[in-house]
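The sequence lines fix the lettering, A, B, ..., with proteins before strands; numbering per chain opens at 1.
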Protein chains: 2
Amino acid sequence: MLKFAAMMTATAPAVDTPSETESVLLQIRRKGARATPARIRVLLLLRAAPAALTHHEIEQALGDRMLDRVTLYRVLDWLVVRGLAHRSTDAQRAFRFSAAAAGEHGAHTHFRCDDCGRVFCLDSAPPAAPSLPAGFSLSRIEFDLRGRCAECARG
Amino acid sequence: MLKFAAMMTATAPAVDTPSETESVLLQIRRKGARATPARIRVLLLLRAAPAALTHHEIEQALGDRMLDRVTLYRVLDWLVVRGLAHRSTDAQRAFRFSAAAAGEHGAHTHFRCDDCGRVFCLDSAPPAAPSLPAGFSLSRIEFDLRGRCAECARG
DNA sequence: GTGGCAGGTGCAACCATGTTGCATCTGGAG
DNA sequence: CTCCAGATGCAACATGGTTGCACCTGCCAC
Ligand SMILES: [Mn+2]
Ligand SMILES: [Mn+2]
Ligand SMILES: [Zn+2]
Ligand SMILES: [Zn+2]
């Protein structure tokens, strides 16, 4: 599977432009918490990523300036609880994290690559819910498309 | 969460009637493999289960006649590879297994309880796929409804 | 029926992913 | 500048799943 470092340098502009950093810093402060380097760097990464990332991929991407493993888990949990990131579970039973688009809420469509395991967030709105058995209550719809991503299909 | 043993005795008829056993035995032999007690018992269980089960729940349900942990993993893998069972990943990042309905193929709708983690297979057909980015190839649609099941909503 | 053996099983060790407890450190309010 | 709630790092633990290898057994040939 593609290393995230390569993915980033290949497809994305510099991650920590002053404007992006400023935006992230405010996003964090607005939640009434400290804008620590750990949170800032991780949120910048997620916002620049073209797909949802695993804990491991984030570690790789942080490179030499690596955070403690546990701190990274805690930063990610914090981002999710505060609604700044999403967490989903991939086919390899690992969590994947993506930045929540500002103001975004509700259901949300994904494509998961069975080969490399990456999750791509699609724009198209998910379909409406069918009726459920009696007594069941619905809180959220997850509409996942599975197959191979362009990268993996090409290789 | 509800113990599977209780679930079974409460809702299902005897699991190993001669006809069911015979059917399962043939299903296995037709794949050109040995009909071992491990495979037979596990497949009977999956076919009788009202929802997708975790490795752990299957262990519990086997009770005193427990298989080795690893053997159970291998039996489940074998069933999945041969198309006799489905595997999905639940919100607690554990695999869940269900018997593949005979001759069934293609997409397939689920309800996952956020409380007890069980996966219920619904009958309704999933919606059609939206268009994908260039180069992506679709192999399967996963349409999951999340919320609380009747059991958990009541309690 | 009775071997023989490919395929299946058990056991021990291992790995990956995520969590908990606790001592230490620091962002940012005052 | 000081102070401390909140953030971090480190060690230990938990859970779910995998690998390696010796031993066992369903099932086919005879
Ligand atoms: Mn998403
Ligand atoms: Mn199913
Ligand atoms: Zn891929
Ligand atoms: Zn439930």
Side-chain angles (χ1 to χ4, degrees), chain A residues 1 4 21-22 24-43 52-60 62 64-82 84-85 87-97 116-119, chain B residues 1 4 21-22 24-43 52-60 62 64-82 84-85 87-97 116-119:
Chain A
M1 117 129 230
F4 177 62
T21 304
E22 197 59 25
V24 151
L25 196 140
L26 288 179
Q27 235 187 333
I28 294 169
R29 292 248 175 84
R30 238 183 299 125
K31 297 293 176 181
R34 293 192 206 158
T36 63
R39 283 172 184 164
I40 294 170
R41 264 189 284 150
V42 171
L43 189 46
L53 303 175
T54 61
H55 178 276
H56 187 66
E57 287 165 353
I58 296 170
E59 272 188 331
Q60 304 278 305
L62 291 175
D64 49 343
R65 309 170 154 207
M66 239 268 266
L67 296 175
D68 180 75
R69 222 168 64 82
V70 177
T71 300
L72 178 51
Y73 277 116
R74 293 200 271 228
V75 164
L76 290 168
D77 281 351
W78 184 88
L79 290 171
V80 169
V81 165
R82 295 313 175 98
L84 300 181
R87 190 176 74 173
S88 59
T89 307
D90 75 11
Q92 283 78 55
R93 72 182 210 98
F95 293 136
R96 285 188 172 267
F97 300 87
C116 66
R118 279 185 292 169
V119 177
Chain B
M1 114 132 232
F4 178 61
T21 304
E22 197 61 23
V24 152
L25 196 142
L26 288 179
Q27 233 187 337
I28 294 169
R29 291 248 175 83
R30 238 182 302 124
K31 296 293 178 184
R34 294 192 205 159
T36 62
R39 283 172 184 164
I40 294 169
R41 263 189 284 149
V42 172
L43 189 46
L53 303 174
T54 59
H55 178 276
H56 186 67
E57 286 164 354
I58 297 170
E59 272 188 333
Q60 304 278 304
L62 291 176
D64 49 342
R65 309 167 153 209
M66 239 267 265
L67 296 175
D68 180 77
R69 220 166 66 82
V70 177
T71 300
L72 178 52
Y73 276 117
R74 294 200 272 229
V75 164
L76 290 168
D77 280 350
W78 184 88
L79 291 171
V80 169
V81 166
R82 294 315 174 98
L84 300 181
R87 187 177 77 173
S88 59
T89 308
D90 76 10
Q92 284 75 57
R93 67 181 214 100
F95 293 136
R96 285 188 173 268
F97 301 86
C116 66
R118 279 186 291 169
V119 177

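A donor and an acceptor atom never sit less than 3.5 Å apart when one is taken from the side chain of Arg93(A) and the other from the base of dG18(C). Taking only distance into account, the side chain of Arg69(A) never meets the base of dG9(D) through a donor-acceptor pair shorter than 3.5 Å. A donor-acceptor contact under 3.5 Å links the side chain of Arg74(A) to the base of dG9(D).
Residues Leu79(B) and Arg87(B) have side chains not in contact (no heavy-atom distance under 4.5 Å, counting atoms from C-beta outward).
Contacts of Thr71(B) with the nucleic acid, taken as non-hydrogen atoms under 4.0 Å apart, include base atoms. The residue Arg87(A) sits apart from the nucleic acid: no heavy atom pair falls under 4.0 Å.
Each of Met66(A) and His55(B) has a nearest nucleotide on DNA chain D; the 5'-most of these lies closest to Met66(A). Between Ala33(B) and Arg39(A), it is Arg39(A) whose nearest contact on DNA chain D lies nearer the 5' terminus.
Listed pair Thr36(A) / dT8(D) meets the phosphate criterion, a side-chain N or O lying under 4.0 Å from OP1 or OP2. Proximity of Tyr73(B) to the phosphate of dG17(D): a side-chain N or O atom is located under 4.0 Å from OP1 or OP2.
Evaluated for a ring pair (Phe, Tyr, Trp, His ring centres under 6.0 Å) with His55(A), the options Phe97(A), Tyr73(A), Phe95(A) yield exactly one hit, Tyr73(A).
The minimum heavy-atom distance linking Arg34(B) with Arg39(B) is given by the pair O-NH1, 2.9 Å. Of all heavy-atom pairs spanning Ala35(A) and Arg29(A), the tightest one is CB-NE, 3.9 Å.
Rounded to the nearest 0.5 Å, atoms CD1 (Ile40(A)) and CD1 (Ile28(A)) are 5.5 Å apart.
What separates CZ of Phe97(B) from P of dG16(D) is a distance of 12 Å, to the nearest Å. Going from atom CD1 of Ile28(B) over to atom C1' of dG8(C) covers 12 Å, rounded to whole Å. Distance His56(A) NE2 to dA16(C) P: 9 Å, rounded to the nearest Å. Atom pair Gln60(B):CD and dT15(D):P shows a separation of 13 Å (rounding to whole Å applied).
Nearest nucleotide to the side chain of Arg34(A), out of dG6(D), dA6(C), dT19(C): dG6(D).
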